[in-house]
Amino acid sequence: MSVKEMTAKEVAKKVINRDELFILDVRNESDFNEWKIEGQNIAILNTPYFDLLEGVEEIMDSLPTNKDVLVVCAKEGSSVFVAKMLSDEGLSVSYLKGGMKAWSEYLEPVKIGDLTNGGEVYQFVRLGKGCLSYMIVSNGEAAIVDSTRNPDIYVEFASNIGVKITHVFDTHLHADHISGGRKIAEITNATYWLPPKDAQEVTFEYSPLDGGNVVTIGNTDIDILALYSPGHTIGSTSFVIDEKYLLSGDILFIDSIGRPDLAGLAEDWVGDLRETLYNRYRELSEELIVLPAHFMIIEELNDDGSVAKPLGTLFAENHGLNIADEAEFRQMVTGNLPPQPNSYQEIRETNMGKITPDDDKQREMEIGPNRCAVR
């Protein structure tokens, strides 16, 4: 039987549609345990490539014979080798094109909804990294919020729907992924905005995202007033779009809250985090749809693949929003911090403009799961 190729886009559709998929992941056990493809109907077996060099006979009993098997490795080559051996044994086999590197970078665009005076909000779901970014479209113009590293995805999407990118925002200085915001702004001649309290060490020019800014995209105002929301970083800023959507950055997620320690200041910033979540956000309409910059677990995805819920629902269901005692909250946050993101200091320095790693190095720096949350 012939070996087929499966793209990251095709895998993403299976994850979103909750289709059944059996994966043989041939990476090393440590890499697999840290980060893998996940989905509600995905079965997965990890057997390192080096254990299969002499043949696949020992794992044949663990593989299904009545469904396709997708072989996954880091870059592609090892999975092609193993897939050919499985095909020779009579199985229907595919390999993941580009490997886990391709999976890490793929973005699935999902339309969130319409704006009152015309326009739309799109969410770009990075399933392999847990990153979420946004495009707000109104009257032929677009704003990008919290973009990932590859600017081409957003530029091409805007071109395909016939709009011009005029503004690019980062809600904060990211530490778990490299922002493409500056590159998008350079390509499109858009204005790049960054909270100044996060930008004290940056080496480039930017427009300061201060309280009181109202930025217009077509017919839509992005109102920054009263939404300075520190806690994940000292400059973290949230946006209310069209009085419908709350872009919460890395402060509030669907099933968790933001971690305050990625600049080494957990004890200092945990109070800011509580103030934002328990006071500033409580003053907002509970009908606002929360659109975060990350998700932590696959169960946070809605049926259409989006990650979004009303603020009132999160007040009722998100554990991080329901700890009345401040001391208990502080202990929950600082005592449950997950491991630091891979290369987070290098990523911060890249986003500051202090270092400029090449593409391969940047890709390597970003590999791994989302670690921006406390749950």
Side-chain angles (χ1 to χ4, degrees), residues 31 34-35 74-75 98-107 124 126 128-133 144-155 165 167-209 230-237 249-251 258-266 268-269 293-294 337-373:
D31 293 335
E34 180 177 276
W35 175 59
K75 299 179 181 179
M100 290 297 284
K101 285 191 173 183
W103 178 244
S104 174
E105 296 183 342
Y106 176 72
L107 298 182
F124 292 78
R126 190 177 177 183
K129 182 70 177 172
C131 296
L132 302 167
S133 49
I144 309 296
V145 181
D146 288 333
S147 68
T148 56
R149 182 169 58 85
N150 185 351
D152 296 343
I153 294 166
Y154 306 95
V155 173
I165 297 171
H167 294 273
V168 184
F169 299 89
D170 274 318
T171 56
H172 62 287
L173 186 78
H174 296 279
D176 82 313
H177 73 271
I178 296 165
S179 169
R182 283 187 294 137
K183 284 189 176 181
I184 295 172
E186 289 170 4
I187 293 169
T188 62
N189 201 31
T191 302
Y192 176 57
W193 300 81
L194 187 65
K197 290 186 178 181
D198 279 0
Q200 294 177 359
E201 298 182 55
V202 304
T203 63
F204 49 82
E205 294 185 0
Y206 66 96
S207 291
L209 191 55
H232 178 65
T233 68
I234 196 60
S236 292
T237 302
D250 280 351
I251 285 291
R259 63 189 296 170
D261 67 310
L262 293 183
L265 297 170
D268 294 335
W269 289 357
H294 285 91
L337 293 171
Q340 300 279 16
N342 293 340
S343 306
Y344 77 101
Q345 287 289 14
E346 291 177 284
I347 289 173
R348 292 181 77 244
E349 290 179 0
T350 302
N351 287 334
M352 291 176 188
K354 290 184 174 182
I355 60 174
T356 310
D358 62 28
D359 283 347
D360 287 341
K361 177 61 176 177
Q362 290 189 31
R363 189 176 292 115
E364 178 185 323
M365 287 159 57
E366 288 193 329
I367 288 290
N370 164 36
R371 288 179 176 161
C372 283

**Q** Between G235 and D198, what is the shortest heavy-atom contact and its length?
**A** N-OD1, 2.8 Å

**Q** Between T203 (side chain) and G353 (backbone), is there a donor-acceptor pair under 3.5 Å?
**A** yes

**Q** Can you list the residues that meet the side chain to side chain donor-acceptor pair (under 3.5 Å) rule with K354, with sequence neighbours excluded?
**A** E201

**Q** Test your reading of the model: is there a side-chain donor-acceptor pair from D146 to the backbone of T171, 3.5 Å cut-off?
**A** yes

**Q** H177: what forms a side chain to side chain donor-acceptor pair (under 3.5 Å) with it, not counting sequence neighbours?
**A** none

**Q** Just by modelled atom types, is the D176 backbone N or O under 3.5 Å from a matching donor or acceptor in the E366 side chain?
**A** no

**Q** Only counting residues at least two apart or in another chain, list the ones meeting side chain to side chain donor-acceptor pair (under 3.5 Å) with W193.
**A** H167

**Q** So which heavy atom on I367 is nearest to which on M100, and how close?
**A** CD1-O, 4.4 Å

**Q** Could you go through F124 and T148, starting from their C-alpha distance and side-chain angles, then the distance that decides it, and tell me whether this counts as side chain to side chain contact (heavy atoms under 4.5 Å, CB included)?
**A** CA-CA 9 Å; F124 292 78; T148 56; over 6 Å; no

**Q** So which heavy atom on M352 is nearest to which on F204, and how close?
**A** O-CE2, 3.3 Å

**Q** Can you tell me how far apart OG (S207) and CG (L194) are? Round to the nearest 0.5 Å.
**A** 10.0 Å

**Q** Could you pull out all residues at least two apart from Y206 that satisfy ring pair (Phe, Tyr, Trp, His ring centres under 6.0 Å)?
**A** none

**Q** If I take atom CG from residue L173 and atom OG1 from residue T350, how far apart are they, to the nearest 0.5 angstrom?
**A** 10.0 Å

**Q** Among residues at least two apart in sequence or on other chains, which ones pass salt bridge (charged side-chain N to carboxylate O under 4.0 Å, His left out) with E105?
**A** R149, R363

**Q** Are R126 and L132 side-chain neighbours, meaning at least one heavy-atom pair lies under 4.5 Å?
**A** no

**Q** I need the K129 NZ to L107 CG distance, nearest 0.5 Å.
**A** 13.0 Å

**Q** Side chains of F169 and I144: closer than 4.5 Å at any heavy-atom pair?
**A** no

**Q** With rounding to the nearest 0.5 Å, note down the distance linking OG1 in T237 to CD1 in I251.
**A** 9.0 Å

**Q** Once rounded to the nearest 0.5 Å, what's the spacing between atom CG of D152 and atom NZ of K183?
**A** 9.0 Å

**Q** The test is side chain to side chain contact (heavy atoms under 4.5 Å, CB included); show your working for V168 and T191 and say whether it passes.
**A** CA-CA 6 Å; V168 184; T191 302; over 6 Å; no

**Q** Could you work out, with side chain to side chain contact (heavy atoms under 4.5 Å, CB included) as the rule, every residue matching I187, not counting sequence neighbours?
**A** P151, V155

**Q** First locate atom NE2 of H294, then atom SG of C131, and finally report the distance between them rounded to the nearest 0.5 Å.
**A** 3.5 Å

**Q** Tell me, please, which residues at least two apart from E34 pass side chain to side chain contact (heavy atoms under 4.5 Å, CB included).
**A** N342, P369, R371

**Q** If only side-chain N and O atoms count, and only distance matters, is there a donor-acceptor pair under 3.5 Å linking Y154 with S133?
**A** yes

**Q** Side chain to side chain contact (heavy atoms under 4.5 Å, CB included) with D358: which residues, sequence neighbours excluded?
**A** D360, K361

**Q** Who pairs with S179 by side chain to side chain contact (heavy atoms under 4.5 Å, CB included), at least two apart in sequence or on another chain?
**A** S147, D170, H174, Y192, N351

**Q** Is the shortest heavy-atom distance from the side chain of I355 to the side chain of P357 under 4.5 Å?
**A** yes

